[in-house]
A.B. asks: 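Let me give you the structure first, and then I'll get to my questions.
Quick note on labels: first sequence line is chain A, next is B, and so on, each numbered from 1.
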Amino acid sequence: MHDLKDLRTRPEYYKEKLSKRSKELISIIDEILTLDQKKREIQSKADEFRKRKNEIADEIGRSKDDKEKVNSLKSESANINATLSTVEKEEIDLTHTLSEKALWLPNIVTDSVPFGEDETKNQEISKWGNPKNEKWIKPHWEIGAKLGLLDFERGVKISQSRFTVLSGMGAKLERALMNFMLDHAGSKGYKEIFPPILVNKDSMTGTGQLPKFDGDFYKCENEFLYLVPTAEVPITNLHRDEVVLPEQLPLKYCAYTPCFRREAGAASKDTRGIIRQHQFNKIELVKITSAEQSDSEHEALTRDAEEILEKLEIPYRKILLCSGDIGFSAMKCYDLEVWFPSQNTYREISSCSNFGSFQARRINIKYKANPKDKPQFAHTINGSGLAIGRTLAAILENYQTEKGTILVPKILQNYLGEIKEII
RNA sequence: GGAGGUGUACCGAAGUGGUCGUAACGGGACUGACUCGAAAUCAGUUUGACGGGGAAACCUGUCACGUGAGUUCGAAUCUCACCACCUCCGCCA
């Protein structure tokens, strides 16, 4: 969400910046400006009526004994009420449509973000490791099923498609990854949180999942609760409507949660394997910082995520998303993509975004840079560190041996009782 | 799930239809005075959102007493619904 006052004072700036994402946004800005103008006019009008009403009420209180005066004042107030109720209705409607409209404006991207309409303009920042593509490497779903780590049929039987059972060493490997990643984040100073997995509508709206993407999530019947699509939702909402003090900055959190997504628009994508599931596990890294620190903290958070892949010794690359591919709320975003030999390509495993004050304004998180300063909106940053299911899939491929076993990455061995190979 | 109670500013806590109620009183924090300095004391300040005026420090209007609706000329105060917390009973990992 943007600052409407600022938008009002320099609309051309917003038009120029937002047109980098999409030209259509210019007309939305114009609509917002018109609505805003109308709303302020109506508000002034309503304020005048309310002011007079307050005066009358005061006057009645002071001149209770003068029956005649009281009666005439009462009828004046009744008249005002008649008009005021329609004006107020209009005021409420306008305020509502205005804020609704304002929620559809995406964030402005920073200048370092390359311009482009789709993912072809994304910029590769760096590559790490030596990708292999030996012909004998089987896709993770084949080797996973063969070794009894992934049970697709039973996942479908007990739930539906895009649900998978992890079994035996598969389950243990998932748990090892979870612990390893949380320990890694802990060593980088992130405070570990285990949040509720069902969250209310306010939380979903706060981090921007609602109202725009309603339908992408699982909702409880007869309860106003949603299954979290990412730990970003409960973690960022920890500080909703709060002012963070200088000595607390930057706040750094990590959390494991399962994540639930309907994947409604992905009907034919990634139907095989565990790349795209309705339920998956993820470690999320979240930071709340000052405006000054936000850029460097974003870089650092991305590095923290990268290091996980380096410790696991799996090849990956780092992509800077272009203006057309970047997420709605982000001002800058790096994707980490991990190498999948069987597909001969890199696949997304982490998305590290800086939201600037965009998300904090919506969710009302402020900070004081100094104890005496007026609170201002904080900057929020988050990224996966990492998606666990996709990491497991990447291990099944990158650590596959020609004889059909899986070597356990060194860093994970002491999480798996020193087992070095899955047979 | 049943019965009762509570929800007021940074914290505690008064106020049960108007009459200096942005809201007493106490505490905390901040500013100033006294002091060589500090403590104590005294004086003052201490919410946010959305508008209007101004270059600006500032002036000014409306709204907000858990949330939302209602009654009334007028609501922290009365009515209804919802939410949260506390106590007791029931149930339960």
Side-chain angles (χ1 to χ4, degrees), chain A residues 1-11 32-103 194-206 210 219-226 234 237-248 357-378:
Chain A
M1 197 164 71
H2 292 288
D3 180 5
L4 272 182
K5 277 184 231 167
D6 193 43
L7 179 71
R8 193 189 298 149
T9 36
R10 44 176 192 151
I32 289 173
L33 289 171
T34 316
L35 276 169
D36 176 58
Q37 173 75 27
K38 263 195 219 157
K39 187 227 135 194
R40 281 181 295 139
E41 280 166 19
I42 288 289
Q43 186 187 340
S44 301
K45 211 165 143 189
D47 277 357
E48 285 304 311
F49 283 129
R50 281 189 285 254
K51 187 184 174 190
R52 181 62 195 143
K53 250 184 78 170
N54 289 341
E55 286 167 1
I56 291 172
D58 267 5
E59 237 173 306
I60 292 179
R62 264 183 314 233
S63 42
K64 259 189 192 152
D65 303 329
D66 189 342
K67 282 243 169 65
E68 211 171 299
K69 192 173 173 190
V70 167
N71 280 335
S72 92
L73 284 170
K74 275 193 185 182
S75 71
E76 188 188 345
S77 194
N79 282 336
I80 291 175
N81 274 337
T83 10
L84 181 60
S85 66
T86 59
V87 175
E88 270 184 337
K89 193 177 176 302
E90 204 178 340
E91 187 189 14
I92 290 165
D93 285 353
L94 276 169
T95 309
H96 192 78
T97 28
L98 179 62
S99 49
E100 186 97 323
K101 258 284 186 282
L103 291 181
F194 203 124
I197 309 302
L198 286 166
V199 297
N200 61 32
K201 205 171 172 174
D202 282 348
S203 297
M204 291 287 275
T205 309
L210 295 177
K219 186 162 42 170
C220 294
E221 213 178 340
N222 303 327
E223 301 269 357
F224 302 102
L225 294 171
Y226 294 78
N237 274 283
L238 286 175
H239 292 282
R240 167 150 47 98
D241 294 318
E242 288 184 14
V243 177
V244 182
L245 301 172
E247 62 269 23
Q248 299 176 280
S357 61
F358 189 85
Q359 195 174 48
R361 184 169 289 112
R362 185 189 260 239
I363 205 174
N364 192 24
I365 302 176
K366 293 184 175 173
Y367 75 99
K368 293 185 185 184
N370 294 295
K372 286 187 193 173
D373 287 358
K374 262 201 117 173
Q376 54 179 310
F377 288 113

A.B. asks: Taking the C1' atom in each of B/G54 and B/U77, what is the distance between them to the nearest angstrom?
C.D. replies: 40 Å
A.B. asks: Can you build the contact string for nucleotides 47-71 of chain B? Use B for base contact, S for sugar-phosphate-only contact, and - for no protein heavy atom under 4.0 Å.
C.D. replies: -SSBSS--------BSS--------
A.B. asks: Return the value, rounded to whole Å, for the distance between atom NZ of A/Lys69 and atom P of B/C73.
C.D. replies: 18 Å
A.B. asks: For the side chain to side chain contact (heavy atoms under 4.5 Å, CB included) test, which of A/Leu4, A/Thr95, A/Thr97 pairs with A/Leu35?
C.D. replies: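 Testing A/Leu35 for a side chain to side chain contact (heavy atoms under 4.5 Å, CB included) against A/Leu4, A/Thr95, A/Thr97 leaves exactly one candidate, A/Thr97.
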A.B. asks: Provide the closest heavy-atom pair for A/Val87 versus A/Ala46 in the form atom of the first, atom of the second, distance.
C.D. replies: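 Nearest pair, atom of A/Val87 first, then A/Ala46: CG1-CB, 3.9 Å.
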A.B. asks: Could you work out the separation of B/C82 and B/C91 based on their P atoms and round it to a whole Å?
C.D. replies: 26 Å
A.B. asks: Which whole-number value in Å describes the distance from A/Lys53 NZ to B/C73 P?
C.D. replies: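 So the NZ-P distance, A/Lys53 to B/C73, works out to 10 Å.
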A.B. asks: A/Leu225 has an atom CG; how far is it from atom P of B/C83, in whole Å?
C.D. replies: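 It works out to 12 Å between those atoms.
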A.B. asks: Under a 3.5 Å cut-off for both contacts, is B/A75 paired Watson-Crick or G-U wobble with anything, and if yes, with which nucleotide?
C.D. replies: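 Paired with B/A75, as far as the under-3.5 Å criterion goes, is no nucleotide at all.
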A.B. asks: With rounding to whole Å, what would you report as the distance between B/C65 and B/A75 at their C1' atoms?
C.D. replies: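 The same atom, C1', in both gives a distance of 11 Å.
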A.B. asks: Does B/G7 have a Watson-Crick or wobble mate here (both distances under 3.5 Å), and if so which one?
C.D. replies: B/C83
A.B. asks: Go ahead and name the base partner of B/G44; Watson-Crick or wobble counts if both distances stay under 3.5 Å, otherwise write none.
C.D. replies: B/C30
A.B. asks: Using atom CG of A/Asn71 as one end and atom P of B/G74 as the other, report the distance to the nearest whole Å.
C.D. replies: 15 Å
A.B. asks: Please measure how far the P atom in B/G26 lies from the corresponding atom in B/U41, and state the result in whole Å.
C.D. replies: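 So the two P atoms sit 13 Å from each other.
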A.B. asks: Any strand is fair game: report the nucleotide pairing with B/A49 by Watson-Crick or G-U wobble, both distances under 3.5 Å, or none.
C.D. replies: B/U62
A.B. asks: When rounded to the nearest Å, what value does the distance between C1' atoms of B/G48 and B/U8 take?
C.D. replies: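 Those two atoms are separated by 15 Å.
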A.B. asks: Which whole number of Å gives the distance between the P atom of B/G5 and that of B/C78?
C.D. replies: 13 Å
A.B. asks: Tell me, do A/Asn200 and A/Phe224 make a side-chain contact under 4.5 Å, heavy atoms counted?
C.D. replies: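 A side-chain contact is absent here, since even the closest heavy-atom pair is not under 4.5 Å.
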A.B. asks: May I ask you to test the A/Glu48-A/Lys45 pair for a side-chain heavy-atom distance under 4.5 Å?
C.D. replies: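 When only atoms from C-beta onward are counted, A/Lys45 and A/Glu48 do not touch, as no gap falls below 4.5 Å.
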A.B. asks: Closest heavy-atom contact between A/Tyr367 and A/Phe377?
C.D. replies: CE2-O, 3.3 Å
A.B. asks: Give me the one residue out of A/Lys38, A/Lys39, A/Arg40 that meets salt bridge (charged side-chain N to carboxylate O under 4.0 Å, His left out) with A/Asp36.
C.D. replies: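 Between A/Asp36 and the candidates, salt bridge (charged side-chain N to carboxylate O under 4.0 Å, His left out) is satisfied uniquely by A/Arg40.
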A.B. asks: Now, which nucleotide makes the Watson-Crick or G-U wobble pair with B/U16, with each of the two distances under 3.5 Å?
C.D. replies: none
A.B. asks: Would you mind reporting whether A/Leu103 and A/Met1 have side-chain heavy atoms less than 4.5 Å apart?
C.D. replies: yes
A.B. asks: What contact category does A/Leu73 fall into here, base, sugar-phosphate, or nothing, at under 4.0 angstrom with non-hydrogen atoms?
C.D. replies: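 Contact class for A/Leu73: none.
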A.B. asks: For B/U35, give its Watson-Crick or G-U wobble partner with both distances under 3.5 Å, or none.
C.D. replies: none
A.B. asks: Take atom P in B/A9 and the same atom in B/A23, then report the distance between them in whole Å.
C.D. replies: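 Looking at atom P only, B/A9 and B/A23 are 15 Å apart.
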A.B. asks: For a side chain to side chain contact (heavy atoms under 4.5 Å, CB included) with A/Ile56, tell me which candidate from A/Lys74, A/Lys51, A/Glu76 qualifies.
C.D. replies: A/Glu76
A.B. asks: Without decimals, in angstroms, what is the distance between A/Asn79 CG and B/C73 C1'?
C.D. replies: 11 Å
A.B. asks: Could you work out the separation of B/A40 and B/U31 based on their P atoms and round it to a whole Å?
C.D. replies: 15 Å
A.B. asks: With a 3.5 Å limit on both atom pairs, tell me what B/G1 is paired to, counting Watson-Crick and G-U wobble, or say none.
C.D. replies: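 Per the H-bond distance test, B/C89.
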A.B. asks: Should B/A24 form a Watson-Crick or G-U wobble pair with both distances under 3.5 Å, which nucleotide is its partner?
C.D. replies: none
